[in-house]
Structures are given as C-alpha cells and as structure tokens.
Visitor: 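Before I ask anything, let me first share the structure, which is written out below as structure tokens.
First listed ligand is number 1; within each ligand, the first listed atom is number 1.
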Amino acid sequence: MAEALISVLLEQLASVVYQHTNEVVKLVLNADKDVKSFSSNLKAIQAVLEDAEKKQVTEVSVGDWLEKLKDVSYEMDDVLDEWNTELLRQQVEEKQVVEGDNALVTKKKVCFPMPSGCFCFGQVNKAIHHHNIARRIKELNEKLTLIAAEKAMYGFHQSTIGGHDDQQLIQRQITSSLVDISTIFGREEEKEYLLSNLLRESNQDGGSSQEGKRFLVIPIVGMGGMGKTTLAQLAYNNENVTAHFDKKVWVCVSDPFDEIKIAKAIIENLDGTQSSLNELEILLQHIKTRVENKKLLMVLDDVWTEEHKKWENLKLQVIMQRCAKGSKILVTTRKEGVAKMMRATSSMIHLDKLNDTDCLALFNSFAFLDREEDEANGFGAIGEEIVKKCKGLPLAAKTLGSLVWYKKTREEWRDVLNSKIWELEEVEEQVFRPLLLSYYDLVPAVKRCLLYCAIFPKDYDFQKDDLIELWMSQDYLNSKGKKEKRRIGQNYFESLAMRSFFQDFIKDIMGNIRGCKMHDIVHDFVQFLTQKECTIIEAVKGANQRVELPGDYKVRHLTLTSLPEGPLSFPTSFDKCKNMRTLTLLDSSITAISPGSIMQMKCLRTLNVSRSELNEVPKEIGELIHLRYMDLSWSRNLKELPDAVCDLYNLQTLDVSWCGKLEKLPKAMEKLINLKHLYVGGCIELRYLPKGIGSLKSLQVLDYFYACEGDDEALKLGDLGIMAQLQGSLSIIYLGKNDANEIEKIEKAQLGNKEHLSHLGVWFQEGDEEQRKGDAEIVKALQPHHNLESLSIGCCQIGTTESLYWIKSLHNLRELRLYDWRFCELLPPLGKLPSLEILEIEGMKKVKTVGVVFLRIEEEEEEEQVSGILFPKLKQLTFRSMYNWEEWAFLSEITIILMPRLSELQIDGCPKLKALPEFLYKITALRTLEIWACPILEGEYEKDVGKEWHNISHIPNLTIQSGRKKRL
Ligand SMILES: *[C@@H]1O[C@H](CO)[C@@H](O)[C@H](O)[C@H]1NC(C)=O
Ligand SMILES: *[C@@H]1O[C@H](CO)[C@@H](O)[C@H](O)[C@H]1NC(C)=O
Ligand SMILES: *[C@@H]1O[C@H](CO)[C@@H](O)[C@H](O)[C@H]1NC(C)=O
Ligand SMILES: *[C@@H]1O[C@H](CO)[C@@H](O)[C@H](O)[C@H]1NC(C)=O
C-alpha cells in the first residue's frame, strides 16, 4: 500500500527539513541536500501512484517496481524514526538532568575527569550515530533516484494529488450501527426447508444412508459470497430452533482441518471455558459427557476437507450417537465434495445465485439506506444495471450497494458501472471484482487500515479499540488537522463498516459497536492484496520451536499461531525478520523469547505476546526503539518488566492487564513520554503504580488505579489532578486504609475536570468504624464530571447515601452499579436521573424497604415536581443478593408514571421479598422477568397456581427458579 506510506513519509520529510534546522545534529549531518532530493523524487512518484497501484494487479513488473519503492520508503521511514527517537532521548535526558539537579540528586555521568570540562562518551556516540544516519539517507536517496528513473518505462497516468481526502469520510458518515442489516433476501424457500429439517423429530428423510442413525447432517453448499453462513446464522438464532435443542454449538472449521482445534472449540462453546488439553481422545471424552442424551445442534462453519479419514478422526458419529434422538449437524461448505464425503447429499441445501429481483432488493437496502424516497428517484435504472454485475452474489450486491451509498450523483454511479475492473481477467474470484472496486474507492490511509486486518486469521473477532490502537502503532492514523488519532481511527473503522468490509458486529449493552468480523471472502481478498507483506504461520504439531518463513519476500507483519510450550527463536541466519513491523502470537504457549530473536526484529512497531507462558521479558527489548505497541496481557508467569522497557520512547500502548503475578512496574516510567494507553487491570499482585506515570502528558487511558497512600514511590490519587486528558474507563482500587490527609488529596484528583471519562469505578476495602467515616468523605470528594455515562461503586462502607448527593448532576449517566454497600439502609434517590438505562444493585444487606426515597432525587421536593415520569429511560433493572429486603413499596400516586421503558427485570437472591409492586404489572414494555432464589415470590407467582400468577402471566419471557442465577 504505497500511496499512504508515501504521503505520510513526505510529511515527515518536510518536518525533518524545517523542524530540526537548529539542532546540533544537523551540523554533523549535512544531510539536508539528500533529504530534499529524496522528497522531490518521491513527489514525482506520488503523482503516478494511483495508476501504478491499479496496474500492479495485472502487471507483474509494476508490482515489482512498487515493491522496490516500498522497500526504500519503509527504510527511509525507519531512518527518520531513528533520528526522531534520538531527539526524544535527548529531550528525556535533559529533562531528567534538570529535574535531578532540582532534587539535588547527583546523576551518574560517564565522563573523563579532565580538568578542562567534560568530554562525554555520549557525545562521541552521538556523532557516530548521526554520521551513520546521514550515510543511510544518502544511500537511500541513490536507490530512489534509480526507481524514479524507471517509472518512465511504465507510462503511468498522472493523477491529481490529494484528489481523495478526508472530505469523503465526513460527508457520508453515519453511525455504522445502521449497516447491520440482518434481513435476508430471496432465501425464503431454503430457509423454510432448513428450519423444517432442523425442527423435525425423526430422521426419516427417505435416504437409506441415514437409516438407523440418531442424527442428521445437513450441508449448505454454495460458492463463496453466496450467504451460506448468513443462512446458518439465521437458523441458529431462530427462536424455535433455540427452544427445540438442549444444546447448541457453533464452530468455525476453516482450513486446515485440525481435529484438536475443532474439539477444543466445541468444548469452549459448550462450557465457555478454554481447554489446555491437547489429547484428542480426552477432549472427545469430555465432549461426550457434556452432550450425553442431550438434543444437540452443531454447526460446522466453512468446512474444506474432503478427506474422509480426517472427518472420521473427529469421531463425530460416535459423539452424536450419544446425543438424544433428533440431534443435527449443520455444515456450510464451498465444496459439494464435502457433502459427498459426509454422505449427506440427500439433505443438502444448495445455495444458488439470487435472481435479479432479490439481488436488487438487497443492493437497494444498502444503496438507499437513510436516503429520501425522491432522492432515490432517477438512480433506479443505473442501479439495475449495476446489479447485473453482481451475478447473483449477495456479497457483491452488499459491497456495491455500500459503495454507491457514498456516491451522490448519477455520474458517479455510472462510473461504477463503467469501471474497467469488470473486464479484469486476471482476478480469478468473481467476487473480488466488486471488492476491488470498493477498495479503490477508499482513501489511501483507510486502504492501509483494511489491509492490516490480514494479520488476523479467518473468523477472527476484532475488538474495535484494539484495532484502532494497532493502526495507531503502525502510524496509519495521521491527519493534517489537529484531529485526535483515536477519533480518526473511529472514522476509519466506521468507513470500513459502512462499506461492508466488516460484519457480524458485536455491540455492548448500550448499542455501541465493540467488535466485528470479516467475511471470509473479504479476508481472502485482503490476503490476496497483502501476500507479500503479511504472513500467518501455524505451527505444525511436533515440529520444534524454530520458525521458518516461506518465500523470498520480506515479511512485514507476521502472525504465528499454536506455538507449543518452549522458547521462541528464529534461525540466526534469518534476515527476513529485519523488516518486520508486527509480530503477533496467537494460541501460543511460548515460555521465552531469546535476546537474539529480539535483536533481529529491530524495526518492530507492534508486538503481541498476550496469553503466553512468558517467564520474563529480556532487557534487550529496550533496543526495539521503534516499538509502539506491546501487549503482554494474560502472561500469568510474568513477575516484572525490565527497566529497559522505559527506554522505549515511542511506546504508545503497554498492556500488562491480567498478569496475575506482576508485582511491580519499572520505576522510570516518566521516560515513556509517548505512552497513551496503559492497561493494568486485573494485576492482583500490583500494589501501586510508579510515581512517574503522573508526569506522562500523553496518557489518555489508564484503566486501573491502585491507590496506595504512604509510599513515596507510588502514584497518589492527588496526582490524577493534572491528568485532565484521561478518557474511557478508569477504576480506582483502594488498597489500605484511608486517613484524613488522604481525603484532602482526593479532592486534588479533580475527577470533576475529566470531561472525557465515560466510566468510573471505585472499589473500597473492607474496614472498621473509622474507615466508614472516611469512605463517606471520599465518596463526597469523588464527584465526577457530568459527562460521565457509567458509574460503579463497590464495597463502600457508608451508612447513608447523603455523600452521594452529586449523583443528581449526572444527566448523562446511563449505567449505574452499586455493589456491597453492607451498612446502607436506604437506596439513594435515583428516579430523576434522565438518562439512566441500566441499574444494578447488589449486596445491600441492610436494606429492608425499597420505596419512596429511591424514586426521588430530593425528598422535600414539591408535589408538582414529583409528578411526571420517574426512571424515564430505565430498561434493565437488577436486584441481587439483597438478603433482608422485604418490601418493595411505591405510593400509588396517580400523577406518577414509573419506569415506562423497563423491559428487563431481574431479582436474584432476595429470600425475604414478599411481592412485586403493582405498577410493574402495567408496564407494557416489560418483556423479560427473571426471579431466582426468591422462595416467597416463587410461591406467589408460580405458574398457573400462584396467587399472583395472573398478574405476570402476560410477560413473554418468564423465568422463575429456586436456584441462584449462574453468572459468567
Ligand atoms: C425472484 O425470486 C423471488 C422469490 O425469492 C420471487 O418472488 C420473484 O418473483 C423472482 N423474480 C424473478 C424475476 O424471477
Ligand atoms: C415458531 O413457530 C411458530 C409455530 O409454528 C410460528 O408461528 C412462528 O412464526 C415461529 N417463529 C419463528 C421465529 O420462526
Ligand atoms: C493479542 O493476542 C491475543 C492472544 O494471543 C489475542 O486474544 C488478542 O486479540 C491480540 N490482540 C491484538 C490487538 O491483536
Ligand atoms: C429472555 O430472557 C433471557 C434471560 O432470562 C434473555 O437472555 C433473552 O434474551 C430473553 N429473550 C427475549 C426474546 O427477550
């Protein structure tokens, strides 16, 4: 993806020339001339890049030329970054010396004790280093000059630079939640057939081959992009299907067919837990006990193997025989051979092309999304023509519909119709053509972001925030304006979602998109475009730990999966890592990374060794000066990080969350001047955060704060005061006692000035009487900014809720959770919070009555103000472990409307509660009522016989159980 790379590089070059002119380095360097010449060559090339990028798909030599160009550009990027890092280092060191002097601490300097001043080693090193950089710039310039000369051979068209810009993103930006169109077009017949087969009790389908079996295999066969998975999903999520089966399992199989992986996935799906076992027999045994006599629906999505032997190895037959009669296996596959191999052709569903009517309907649902009726007029005829290009493929219709959604004029629609791409012979997969068309329409920076997704395996669940931080770490999120990088990342994400490159969105409880997947063909497509840069290697069972890379090209982004336990090492002669910018390990249990391997990956920007068995991080990590993203989360053996981590001046994201043994973070964290995101949640052994974090001006996300006063090395709550830029989620964990001094300091934390914080969590320690007084003061002092959307307070020891007086100012609060306030007798007044949607109250053991106070913000409010709607937006209400709660009383004031939007109510573990309040019976929105472990209610509301049953019998989704609800 040279376009974006080069435009960013040009900006960097410009800033090098103008910014650092008065630096000492320049005197040594004298590289100005080369930098300028390099820039002007690059500009000349930039003008033809758009054309070159298109031609490379069909002309191999253009592809090679672009490769060379990219090599040089990447190298220049590295050199500039090195230079920049050197400047950062000087900055940090100067700052330290100044601060050190102030504090009267003598700094160690490596100096010759010479009478006439100092001659430091540092300076000699610097000079050599700068000379080295100058030499490399000169060489790169020579290379680029040759490349620029070659471009004449290809007869590229010039394009107007800056033709694309952010405009396009801004003009048609709407929330991507709209994209999530789940209607299925033109598959009614197939759907009916599938449902009736799934819901059928016996398996007498006429096929004698199935005779005597207790289960049926239904294959859905069709070429890529036909909507097989969509159909399977539709059936899987159908209410009647869910009710019909005792257990449902969904497994993505893909290629290669790995029995152990599949067996593990089945277990994960059944139990929600990951299995560390690697013995197929044991895994199968485990599955058998789980499904014994249960009516099971198992979906195997995207099966490729036609080898009967592999299929046999999985022993699904044996497993299914153990299940209850009427169990089913649903298989999706592109190959009819798979259905044959499974001897299940008689129940096969063949997905064919959509006919033009259905295809057009699908296309239109994307193309005219949110568009006015009359606006759509006049596009119809062109639309019909475009749809013919889809050849009945739903994915193509979706992609093209999303593409023209961005196009305003008929002219632009016609351009899509008349694109040369439709004539490309070289693109084998038919469906790649509409994808290419849509891809070319992206701005260069967004193209890069899309292609980066090739580092993930098929069917990978992306987390949106992770993806944005990854893009950031590769320096993809630049803009000329002042716009914040995270915002840009969000726009890019939405843009890709709106164009249907992403799908299967996962939303949080508030409806915000948290994650998504890529259609497997879209994944094939990005891999097709990035085959020279991104490689995924799956470790072969039994092979040793040494990693061999295929091909003779330079891998820039490498993903290794399933590495067994042991140290990771690359062959020493191995220079392919030299250019590597991303290393991701998935499903791997490596215990160590050799220093040698680290030293081979000098260009690394992004390193993910999450969920490994890593025992330590070698100090050589400090040599990876370009590193911007380091994910070590869930490394359960890791006790500490080397101090050298603090030499990573470019580091933006450090994730050590859920490192259960991590005892401390390195001291000198103030040196990480670019750190933006620090994740330390779930580090139960971590007693405090180092003080230096308080001076990190770039820090935007700090997920957990371990408050430990009284230690000089620890970051104090008061230090949060200057961190007004914090955003996202912050949880404060109290460790240890609080005293009067501390409370003053909490005021200094100024949570009220953190307008970008969306979630605040506060967790107190259990304590004595003294502590309880302190808690009330702290709660008072914690008043957050009124932008806050979500608040949780746990283990608070206060007896009354007066100190929570500020809660009424939280007009934007949508979620509130209060846990284990064991001394509190009354619930706080919450009824007037205008935005509250989710309320969870747990472990308020002293509460006997829930009533009037709970409704109102202030007790002494005038009558007329009380009238109106209380809890106007509340949707979900949960009471849990309220062991002494007896009465839920509400005055039946006619003027008040209570909780009109409540749709889910859960009461769990309230053994003394006598009745539900009457107003609940009338809430028409109420769809789900769950009552767990409430013996009195259980009797009163028992189905058909309970005295009060008639009051709730109209609620569609009712659960009344005597046990406690299981929680994940
Ligand atoms: C296409 O199929 C749908 C049913 O899926 C049918 O209603 C429609 O008439 C068909 N259109 C054509 C042009 O065959
Ligand atoms: C479930 O089955 C009932 C009865 O056959 C039917 O009326 C209803 O539409 C079905 N629901 C779904 C979602 O298919
Ligand atoms: C890092 O790796 C872990 C597992 O090894 C994975 O779950 C996670 O999604 C990866 N994160 C990113 C941002 O790639
Ligand atoms: C029914 O209630 C369960 C929880 O008991 C919930 O997970 C499910 O989504 C509800 N179904 C509907 C259709 O509301």
Side-chain angles (χ1 to χ4, degrees), residues 182-200 227 231 233-245 268 274 276 351-363 384 387-388 392 394 397 449 452-457 459-474 489 493 506 514-518 534 536 538-539 557-563 568 581-590 593 605-614 628-636 652-659 677 679 956:
S182 52
T183 1
I184 181 162
F185 289 85
R187 297 289 190 214
E188 270 313 312
E189 248 174 68
E190 290 90 345
K191 189 179 128 194
E192 285 309 314
Y193 178 74
L194 176 57
L195 285 180
S196 71
N197 262 321
L198 286 177
L199 297 174
R200 208 167 43 186
L231 181 62
Q233 272 169 348
L234 202 77
Y236 190 78
N237 294 323
N238 178 285
E239 256 175 56
N240 293 338
V241 170
T242 306
H244 182 79
F245 291 96
E268 195 178 332
Q274 283 184 7
S276 54
L351 282 195
D352 220 336
K353 292 172 183 172
L354 287 183
N355 71 23
D356 284 352
T357 325
D358 291 327
C359 207
L360 184 65
L362 178 59
F363 171 86
E384 279 170 35
V387 165
K388 287 193 185 132
C449 291
Y452 193 72
C453 299
I455 69 166
F456 297 110
D459 279 313
Y460 192 80
D461 290 306
F462 309 112
Q463 297 297 308
K464 178 174 141 193
D465 287 343
D466 285 353
L467 202 53
I468 291 174
E469 283 175 25
L470 288 175
W471 291 339
M472 219 184 272
S473 70
Q474 296 289 320
F493 182 91
I506 296 165
R514 288 273 159 250
C516 64
K517 280 189 181 183
M518 241 178 185
C534 301
I536 300 179
E538 188 163 334
H557 309 288
L558 176 65
T559 302
L560 301 172
T561 73
S562 313
L563 293 180
L568 169 76
R581 292 188 164 217
T582 308
L583 176 64
T584 308
L585 302 183
L586 296 175
D587 292 323
S588 295
S589 331
I590 59 155
I593 307 180
R605 289 342 192 233
T606 308
L607 175 65
N608 183 1
V609 265
S610 163
R611 294 182 188 275
S612 68
E613 304 287 327
L614 216 57
R628 281 154 167 82
Y629 183 105
M630 181 154 63
D631 185 352
L632 298 167
S633 59
W634 299 92
S635 300
R636 51 185 183 161
Q652 294 171 347
T653 299
L654 176 61
D655 190 345
V656 288
S657 54
W658 303 99
C659 290
H677 319 108
Y679 298 100

Visitor: For the residue pair His557 and Tyr452, does the interplanar ring angle fall in the parallel (under 30°), tilted (30 to 60°) or perpendicular (over 60°) class?
Guide: perpendicular

Visitor: For Asp356, what residues pass the side chain to side chain contact (heavy atoms under 4.5 Å, CB included) criterion, not counting sequence neighbours?
Guide: none

Visitor: Going by heavy atoms in the side chains, are Trp658 and Ser635 under 4.5 Å from each other?
Guide: no

Visitor: Where do Glu613 and Ile590 land on the side-chain contact (heavy atoms from CB on, under 4.5 Å) test, with the steps shown first?
Guide: CA-CA 6 Å; Glu613 304 287 327; Ile590 59 155; over 6 Å; no

Visitor: At a 4.0 Å threshold, what atoms of ligand 2 neighbour a non-hydrogen atom of Asn238?
Guide: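 So the atoms of ligand 2 that pass are 12 (C), 13 (C), 14 (O).
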
Visitor: Provide the number and element of each atom of ligand 2 under 4.0 Å from a heavy atom of Asn240.
Guide: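 It comes down to these atoms of ligand 2: 1 (C), 2 (O), 3 (C), 8 (C), 10 (C), 11 (N), 12 (C), 14 (O).
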
Visitor: Output all residues satisfying ring-ring contact (aromatic ring centres under 6.0 Å, His included) with Tyr236, sequence neighbours left out; order by chain, then residue number.
Guide: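 Listed in chain order: Trp250.
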
Visitor: Report each N/O pair between ligand 3 and the protein that falls under 3.5 Å, naming both atoms.
Guide:
from	atom 1	to	atom 2	distance (Å)
ligand 3	2 (O)	Asn608	OD1	3.1
ligand 3	2 (O)	Asn608	ND2	2.5
ligand 3	5 (O)	Leu585	O	3.0
ligand 3	5 (O)	Ser610	O	3.1
ligand 3	9 (O)	Tyr460	OH	2.4
ligand 3	11 (N)	Asn608	ND2	2.8
ligand 3	14 (O)	Asn608	ND2	3.2

Visitor: Please list, chain by chain and in numerical order, all residues satisfying side chain to side chain contact (heavy atoms under 4.5 Å, CB included) with Glu268, sequence neighbours excluded.
Guide: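 Glu268 satisfies side chain to side chain contact (heavy atoms under 4.5 Å, CB included) with Gln274 only.
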
Visitor: Work out which heavy atom in His677 is nearest to a heavy atom in Thr653; give both atom names and the distance.
Guide: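 In terms of heavy atoms, the two residues are closest at ND1-OG1, 2.8 Å.
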
Visitor: Counting only heavy atoms closer than 4.0 Å, does ligand 2 sit against the backbone of Leu195, its side chain, both, or neither?
Guide: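 Contact part for Leu195 vs ligand 2: neither.
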
Visitor: Begin with the C-alpha distance, continue with both residues' side-chain angles, and end with the deciding distance and a verdict on side chain to side chain donor-acceptor pair (under 3.5 Å) for Gln652 and Ser473.
Guide: CA-CA 7 Å; Gln652 294 171 347; Ser473 70; over 6 Å; no

Visitor: State whether the shortest distance between N or O atoms of Glu239 and N or O atoms of ligand 2 falls below 3.5 angstrom.
Guide: no

Visitor: Quick one: does Asp358 get a heavy atom under 4.0 Å from ligand 1?
Guide: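 The answer is yes: ligand 1 sits under 4.0 Å from a heavy atom of Asp358.
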
